[in-house]
Structures are given as structure tokens and as C-alpha cells.
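Heads up, the thing below is written out as C-alpha cells.
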Amino acid sequence: TQTTRPQRMLAAVQKNATRGDPRSVVKAIDQFCRQKEWAMNVGDEKGCILDSVVTEVNPETVLELGTYCGYSTVRIASLLPPQAKLITLEFNPGNAAIARQVIAWAGLEDKVELVEGASGDFIPKMKEMFGIKTFDLVFLDHWKDRYLPDTKLMEECGLLRKGSILLADNVICPGTPDYLEYIRNSPRYKSQFFKSHLEYTKVEDGLEKSIFLG
Ligand SMILES: C[C@H](C[C@H]1O[C@@H](n2cnc3c(N)ncnc32)[C@H](O)[C@@H]1O)NC(=O)c1cc(-c2ccc(F)cc2)cc(O)c1O
Ligand SMILES: [Mg+2]
């Protein structure tokens, strides 16, 4: 029977990456996507920008929306301080199952809570489920038309504090026009655009980094 692309990606990790070595997992996925099959990971070019933001923020609490296969989860978790926690939401069960195994191969399962479900259902439950008061960093990489409603939901649920950072993938391609319009014009955010390219291609894309002003 036919395997899925996430399954083939996991097989490449298990074949080419060293257990417990997050950088080798990231490298194996990037090689798979460049040499074998394109996949919608944030990728190596935007991944370096992600790494620099994570390092700068040095967050204790991180929320990732849209785990996919766990590529950005591994990049982020590998840079977190010892007690830090990364909560990642993925509603496709097949993708969640692969992501769990990718995260485990990297040896990062203790830093990551993968929740299988939709962001809209789980964002309001973050406090009760994980005792999280606010998130220091949020990485938005899920359905592009959910960035705006989920940002408003996080505001309403009091999950953002003065200084919380939102980092959004794909603001050019596929694009998140309503989110960009809101976040760039709201007096409650200060935003910065990082020009880059769609993962593994020359197509223009970029990340939007926004700081919540309270
Ligand atoms: C949306 C996906 C990423 C994952 O997000 C999960 N998801 C969704 N909505 C929710 C939710 N509401 N809650 C929890 N999880 C959720 C899903 O199941 C996928 O696994 N990402 C993309 O579609 C994506 C697409 C492209 C892309 C660009 C050019 C093309 F020609 C074709 C595709 C590039 C990217 O960089 C992406 O990130
Ligand atoms: Mg993306």
C-alpha cells in the first residue's frame, strides 16, 4: 500500500539522522525536501530566521500552531533553556503521529507537548491544561486564514503579555493578507517583516515578527 509523504520523510530521518541529535534531524529533512520531495516545512532559509528569533527571545513558554511533521518543533525545542516548554497543536492525526516520532528521534520529547486538535478549540484551554499563564513566543504556521482569528482569540484569552512575540510563517506565500493588515495597523503591536523565500524554492515569502505591546 502507498505510503504518505510524511511517512517517507520520517523514514528519511530514521535512515539518515542520529538519534538524540536535533541538528541531524533538521538536516535529514532539508535534504529529503531538496533532493527527493518538496514538503511544507519552514525550511532551512526561514529556519535560520526562526532560530535567531528563538535565541533572542529565549522563551520559557512557546506555542506553535501547525506542527505538520515536527521540523520547526525540533528547531525551536533544540534552542530552548532547560525548564522551557513548547506546546504544539496539530489537528491532522496522520501528521501528528509522524511529528511525535520525529520529535522523539531528536530526543526532544521532554520539552514538547504535542496536542492533537484544532487551535480554535485548544487555545482557550491552554491555562487549565498546562498551567500556562502567557506565551513568550508564538509561531504561527497553520491554516493561513486562522492566523487572525487565533491571534484575536489569544488576546481574548489573556495568553499574550507585554513583550510576547508572534512569529508568522508564509505571510507572502501562500499569504495571510487579513492577518498582516491587522497586525501592521494595530496600535497594540509593533511588527517587522523578514524577507525570505518559500521553503526549498526561489519563490518570495517571509516571516512577520510582531511584539505585543499590551
Ligand atoms: C497548514 C499547514 C501546516 C499544518 O497545520 C495544520 N493545521 C492547519 N490548521 C490547523 C489548526 N487550526 N489547528 C492545528 N493544526 C492545524 C495542518 O494539518 C498541517 O499539518 N501549512 C501549510 O498549509 C503551508 C503551505 C505552504 C504552501 C506554499 C505554497 C504552495 F504552493 C503550497 C503550499 C507552505 C507552508 O510553509 C505552509 O505552512
Ligand atoms: Mg509554513
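Whatever order the structure lists them in is the order used to number ligands and atoms, beginning at 1.
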Closest protein heavy atom to [atom], given as residue, atom name and distance to 0.1 Å:
{"atom": "atom 7 (N) of ligand 1", "value": "His142 CB, 3.8 Å"}
{"atom": "atom 37 (C) of ligand 1", "value": "Asn170 OD1, 3.4 Å"}
{"atom": "atom 15 (N) of ligand 1", "value": "Phe91 N, 3.3 Å"}
{"atom": "atom 25 (C) of ligand 1", "value": "Met40 SD, 3.8 Å"}
{"atom": "atom 19 (C) of ligand 1", "value": "Glu90 OE1, 3.6 Å"}
{"atom": "atom 1 (C) of ligand 1", "value": "Trp143 CE3, 2.9 Å"}
{"atom": "atom 13 (N) of ligand 1", "value": "Ser119 N, 3.0 Å"}

Contact (N/O only, under 3.5 Å) between [X] and ligand 1:
{"X": "Trp38", "result": "no"}
{"X": "Glu199", "result": "yes"}
{"X": "Lys46", "result": "no"}

As an exercise, identify every atom of ligand 1 less than 4.0 angstrom from a heavy atom of [X].
{"X": "Lys144", "result": "21 (N), 22 (C), 24 (C), 37 (C), 38 (O)"}
{"X": "Tyr68", "result": "20 (O)"}
{"X": "Gly117", "result": "13 (N), 14 (C)"}
{"X": "Leu89", "result": "14 (C), 15 (N)"}
{"X": "Ala118", "result": "13 (N)"}
{"X": "Gly66", "result": "5 (O)"}
{"X": "Asn92", "result": "18 (O)"}

key: For the Mg ion (ligand 2): protein N/O/S atoms at distances below 2.8 Å   =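 Excluding waters, the total comes to 3.
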[atom2] on [Y] to [atom1] on [X], rounded to 0.5 Å:
{"X": "Arg188", "Y": "Leu160", "atom1": "CZ", "atom2": "CG", "answer": "8.5 Å"}
{"X": "Glu199", "Y": "Ser72", "atom1": "CD", "atom2": "OG", "answer": "10.0 Å"}
{"X": "Ile172", "Y": "Phe193", "atom1": "CD1", "atom2": "CZ", "answer": "4.0 Å"}
{"X": "Ile87", "Y": "Phe122", "atom1": "CD1", "atom2": "CZ", "answer": "11.5 Å"}

task = If a pair satisfies salt bridge (charged side-chain N to carboxylate O under 4.0 Å, His left out) and one of its residues is in residues 136-146, list it, with sequence neighbours excluded.
result =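 Every salt bridge (charged side-chain N to carboxylate O under 4.0 Å, His left out) pair that includes a residue of residues 136-146, provided the two are not neighbours, is Asp136-Arg161, Asp141-Lys144, Arg146-Asp150.
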ask   = What do you think, any protein heavy atom under 4.0 angstrom from atom 30 (C) of ligand 1?
value =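 No, because not a single protein heavy atom sits under 4.0 Å from atom 30 (C) of ligand 1.
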query = Does Arg8 CZ have over 12 foreign heavy atoms under 6.0 Å away?
reply =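 Count over threshold, so yes.
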inquiry  = Looking at Lys133, I want to see if its NZ is surrounded by more than 12 non-hydrogen atoms of other residues, nucleotides or ligands under 6.0 Å.
reply    =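 Check fails, neighbour count at 12 or below.
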ask   = Do NZ/NE/NH1/NH2 and the carboxylate oxygens of Asp51 and Arg23 come within less than 4.0 Å?
value =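 Here Asp51 pairs with Arg23 in a salt bridge, since their nearest N and O are under 4.0 Å apart.
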Qualifying residue for side chain to side chain contact (heavy atoms under 4.5 Å, CB included) with Leu80, from Leu137, Thr61, Leu86 =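 Considering Leu137, Thr61, Leu86, a side chain to side chain contact (heavy atoms under 4.5 Å, CB included) with Leu80 is found only for Leu86.
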Per-residue contact class, [X] against ligand 1 - non-hydrogen pairs under 4.0 Å:
{"X": "Asp141", "value": "both"}
{"X": "Asp169", "value": "side chain"}
{"X": "Leu198", "value": "side chain"}

task = For Arg75 and Val26, indicate whether the former's side chain and the latter's backbone hold a donor-acceptor pair under 3.5 Å.
result =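 No, because the side chain of Arg75 does not come within donor-acceptor range (under 3.5 Å) of the backbone of Val26.
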message = Quick one: does any side-chain atom of Ser24 pair with a main-chain N or O of Thr18 as donor and acceptor, under 3.5 Å?
response =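 Yes.
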query = Which residue pairs pass the side-chain hydrogen bond (donor to acceptor under 3.5 Å, both in side chains) test when at least one of the two sits in residues 99-116, sequence neighbours left out?
reply =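 Counting only pairs at least two positions apart or across chains, no side-chain hydrogen bond (donor to acceptor under 3.5 Å, both in side chains) contact touches residues 99-116.
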task = Could you tell me which non-hydrogen atom of Met9 sits nearest to which non-hydrogen atom of Cys33, and how far apart they are?
result =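 Nearest heavy atoms, Met9 then Cys33: CE-SG, 4.5 Å.
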Results of ring pair (Phe, Tyr, Trp, His ring centres under 6.0 Å) for Phe135 - residues two or more places apart only =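 Partners of Phe135 by the ring pair (Phe, Tyr, Trp, His ring centres under 6.0 Å) criterion come out as none, since no residue qualifies.
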request  = May I ask you to test the Tyr179-Ser210 pair for a side-chain heavy-atom distance under 4.5 Å?
outcome  =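 Touching, per the 4.5 Å side-chain cut-off.
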inquiry  = Can you classify the ring geometry of Tyr147 versus His142 as parallel (below 30°), tilted (30 to 60°) or perpendicular (above 60°)?
reply    =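 Ring orientation of Tyr147 relative to His142: parallel.
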